[in-house]
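Following: one structure in structure tokens, then a few remarks.
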Amino acid sequence: MYALVDLKNEFIKKVKEALKEKGVEADELELLRSLAPPPSPELGDWGVPLFKYAKMLKMKPYDLVKELSEKIKVKGVKELKAVGGYLNAFVDVNEIAKRLLEEAIKEDYGTWNVPGRRVVEHTSANPVHPLHIGHVRNMFLGDSLAKILKNYGNEVQTRFYVNDVGRQVTVLVYALLKMGRLLPPEEQKPDHWYGIVYSVANAVIESKGPERDEWVPILEELRSKYPEIVKELEEKLKDKSYEEINKEISDLMKRYENKEEEAVKAFRTVVNKVIDGFKESMEVVGVRHDVWDWESELVWSGMVDMILKKAKELGIAKVKDGALVIEFNFLNDEIRERLRIPKGLEIPPLVLVRSDGTTLYTTRDIAYTIKKFEEFNADEVINVIATEQRLPQAQLRLALWALGYKRYAENLIHYAYEMVNIPGMKMSGRRGRMITLDWLVDEAIKRVKPLVEERSVLQGEEREKIARVVAVGAIKYAMVSVSKDKPITFKWNEVLNFERSSAPYIQYTHARAVGILRKANEEVNLDKADFSKAEAHRELILKIGEFPEVTRKAAEDLAPEKIAVYLSELSDLFNKFYHEHPVSKEPDEGYKQLKLAMVKAVANTLRRGLDLLGIEAPERM
RNA sequence: GGCCCCGUAGCUCAGCUAGGAAGAGCGCUGGCCUUCGGAGCCAGUGGUCCCGGGUUCAAGUCCCGGCGGGGCCGCCA
């Protein structure tokens with residue numbers, strides 16, 4: 001346990017005991033939760049409201065609090081103060097500073113040992129176009145969540161689901177087969193090339209269909225950008241009707257699901273190339289997955305068939321208009337509660353098998369969920385998926401429940417996040433309109449460069465590298481510092497803000513702290529430190545001490561933004577300290593050692609925190 | 001039409017799970033022309049917490065009813 005955690009627990013325990021002597025039972029957890037800093041520092045470091053207990057005892061709140069403040073004694077708390085109905089505590093910073101700083105300068109500061117096995121599936125983009133800005137939020141949230149949970153003590157596995165089965169890839173492969181070349185031109189990044197072919201294919205096909213009025217303008221837009229590809233595909237498909245094309249796509253899809261050699265070769269050639277592109281993009285921003293799962297493998301391994309067989313045997317699925325469908329008639333309030341499905345939400349039937357015999361995404365996702373739980377022996381599976389997929393995710397949990405996988409259904413978490421908007425632009429992969437991750441990173445670096453030129457202490461290659469670290473950090477921070485329930489509007493001037501509440505600001509603060517340590521050129525020696533001077537820096541020391549509670553809370557609530565906010569606050573306090581209190585020029589050796597320990601603790605905490613957000617903490621910039 | 005999310009300072013947001021003492025950054029105004037890195041520091045400015053009811057000693061937070069914005073309701077995902 002950590003210094004401040006123990007101290008809070010001890011304080012609350014004493015409060016509980018004192019209340020018990022007065023004759024009321026208090027819930028320790030409830031007291032602990034209500035413990036919060038008062039509005040201003042002269043009122044105390046922490047306060048706990050006791051109105052409720054005063055009422056139970058038929059006392060005036062102040063009288064109760066006053067009485068307790070005189071009775072309770074806690075080592076590490078130097079004073080208790082009664083303010084209205086609040087019992088406020090002043091921490092004896094001199095008393096706790098040694099242990100607190102000892103903990104804070106360790107490599108593993110802020111880690112926990114809470115057992116648990118969790119799978120985090122994230123990013124999982126359709127392999128038909130490059131990663132785009134929507135995936136960026138998904139990726140950085142998922143990556144940070146995995147790191148936060150590992151830090152919490154969990155065994156964590158990250159997985160990427162390759163959707164190589166289904167209508168979307170089939171459209172792409174179909175178009176490529178018609179064009180007679182599966183591979184992209186040498187000079188082009190594969191995912192980008194396929195993205196163009198995919199959007200053109202969609203437009204060419206759909207402008208023959210019932211929604212042609214909508215699609216013709218899109219096709220013309222694409223024609224102006226990629227005239228050769230549009231022309232080529234139009235030529236190849238000119239004799240075919242919309243219905244014929246769809247029949248051929250459906251046949252191709254079936255051939256792949258049936259693992260026919262030629263289809264396999266085509267699909268795999270294409271999808272592998274796209275995945276190479278994904279990996280290349282993710283490498284630039286430092287995101288890697290532990291396991292890559294291929295949707296087709298689920299089909300070929302017989303897992304999907306097993307699900308279908310089971311559904312039929314259990315009598316939960318029936319044939320309707322030639323398709324195999326689950327209806328969720330069994331759904332009641334208890335199941336809704338357990339599977340976190342809103343009371344009034346109507347759940348439409350789920351089609352498991354189309355009338356043409358092919359399966360759907362959600363069907364395969366049932367098999368995939370089972371695989372994720374079983375292969376890793378997971379307690380919980382977290383799917384990082386956009387909020388717009390709430391309904392299919394609910395259907396997935398219900399289908400698992402109906403099939404008898406109740407534990408999996410209950411422990412499958414849809415980590416739903418809101419969209420990322422670009423002002424004045426409606427993104428659409430099918431329409432070839434998107435902000436790609438690759439472009440985003442390049443553009444950010446380009447914009448950051450002049451700013452780095454102005455300020456950086458570095459030269460040459462190192463300076464180039466810092467521009468990338470700052471640019472990527474800024475994007476990550478923008479994605480991860482806002483709660484997942486709020487849509488993000490992506491604006492460069494907000495994302496590339498270098499002032500407070502930004503990754504560059506925190507990175508800079510870290511570099512400053514490390515700079516002091518580098519110049520001091522001596523090992524921090526806590527035995528020589530004079531802790532009687534700690535009181536003068538109470539705010540900063542207490543803030544450093546909060547870090548473990550923040551990492552724990554971030555893990556429990558799956559909330560990376562809590563770390564982001566904390567790091568920003570810690571940076572603010574450190575910068576104030578930096579400005580007012582010279583460290584290396586401190587004449588008093590004991591005091592200097594204390595200050596050095598604080599600086600080291602700050603540097604370490606900032607680095608650890610940035611790690612949890614997946615953001616690099618450079619030592620110079 | 002049904003359901004989900006959001007609505008807090010001019011702007012971007014924290015606080016809502018678990019009721020308890022209205023917060024931060026940006027912006028704006030003025031100062032620090034820099035003894036360890038000014039991506040910084042100091043001071044000031046700014047709020048019917050969308051509206052209306054209810055529960056409570058206490059509501060930004062819980063409940064009910066509205067309003068505004070976004071999303072979803074497909075043999076797509």
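Throughout, a chain's letter reflects where its sequence line sits, starting with A, and its residues are numbered from 1. The figures that follow rest on heavy atoms only: side chains count, while hydrogens, waters and symmetry mates do not.
Using a 4.0 Å cut-off, no side-chain N or O of A:Lys592 falls inside it from OP1 or OP2 of B:C36. Dashed line: the shortest gap from a side-chain N or O of A:Tyr508 to OP1 or OP2 of B:A39 is under 4.0 Å. For A:Arg354, a side-chain nitrogen or oxygen approaches OP1 or OP2 of B:C76 to under 4.0 Å. Applying the 4.0 Å criterion to OP1 and OP2 of B:C57, one finds that A:Lys55 has a side-chain N or O inside that range.
Pairing for B:G44 is with B:C28, a Watson-Crick or G-U wobble pair whose two hydrogen-bonding atom distances lie under 3.5 Å. Across all strands shown, B:C72 is found opposite B:G2 as a Watson-Crick or G-U wobble partner, with both distances under 3.5 Å. With a cut-off of 3.5 Å on both Watson-Crick or G-U wobble distances, the partner of B:G37 is given as none.
Contact annotation for A:Tyr505: backbone-only contact, meaning every heavy-atom pair under 4.0 Å involves sugar-phosphate atoms and none involves a base. Across all strands, A:Asn88 comes closer than 4.0 Å to base atoms (heavy-atom distances). At the heavy-atom level, A:His414 lies nowhere under 4.0 Å from the strands shown. Within 4.0 Å (heavy atoms only), A:Gly322 reaches no atom of the nucleic acid at all. Residue contacts for A:Asn421: at a heavy-atom cut-off of 4.0 Å it reaches no nucleic acid atom on any strand shown. Across all strands, A:Arg620 comes closer than 4.0 Å to base atoms (heavy-atom distances). Within 4.0 Å of A:Pro582, counting heavy atoms only, lies at least one base atom of the nucleic acid. Among the protein residues, A:Val565 comes within range of no part of the nucleic acid, since none of its heavy atoms lies under 4.0 Å from any strand. Contacts of A:Arg340 with the nucleic acid, taken as non-hydrogen atoms under 4.0 Å apart, are absent. Here A:Ser584 lies in heavy-atom contact (under 4.0 Å) with a base. Here A:Ala54 lies out of heavy-atom contact (under 4.0 Å) with every strand.
The base of B:C75 is paired with the side chain of A:Ser355 by a donor and an acceptor separated by under 3.5 Å. Under 3.5 Å, the side chain of A:Asn575 and the base of B:A39 form no donor-acceptor pair of N or O atoms.
Annotation: cation-pi pair A:Lys81/A:Phe90 absent, no NZ/CZ under 6.0 Å from the ring centroid and within 45° of its normal. A cation-pi geometry, defined here as NZ or CZ lying under 6.0 Å from the six-membered ring centre and within 45° of its normal, does not hold between A:Arg512 and A:Phe574. A:Lys595 forms a cation-pi arrangement with A:Tyr591, by the criterion of a distance under 6.0 Å to the ring centre and an angle within 45° of the ring axis.
Between A:Glu580 and A:Tyr86, the one whose closest nucleotide on RNA chain B sits nearer the 5' end is A:Tyr86. Mapping A:Lys553 and A:Thr509 onto RNA chain B by nearest heavy atom places A:Lys553 at the nucleotide closer to the 5' end.
Checking each of A:Thr363, A:Asp293, A:Asn383 against A:Tyr368 for a side-chain hydrogen bond (donor to acceptor under 3.5 Å, both in side chains) leaves exactly one that passes, namely A:Asp293. For the pairing with A:Glu549, the salt bridge (Lys or Arg N to Asp or Glu O under 4.0 Å) check across A:Arg33, A:Lys8, A:Lys562, A:Lys543 returns one residue only, A:Lys8.
Separating the NZ atom of A:Lys343 from the P atom of B:C3 is a distance of 13 Å, rounded to the nearest angstrom.
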Heteroatom pairs (N/O) under 3.5 angstrom, protein to nucleotides 24-32 of chain B:
from  : atom 1 : to       : atom 2 : distance (Å)
B:G25 : OP1    : A:Arg500 : NH2    : 3.4
B:G25 : O2'    : A:Arg500 : O      : 3.3

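A stacking contact links A:Phe498 to B:A39: the aromatic ring centre lies within less than 5.5 Å of the base's six-membered ring centre, and the planes differ by less than 30°.
Interface residues of residues 27-42 of chain A facing RNA chain B, ordered by number: A:Arg33, A:Pro38, A:Pro39; criterion, heavy-atom separation under 4.0 Å.
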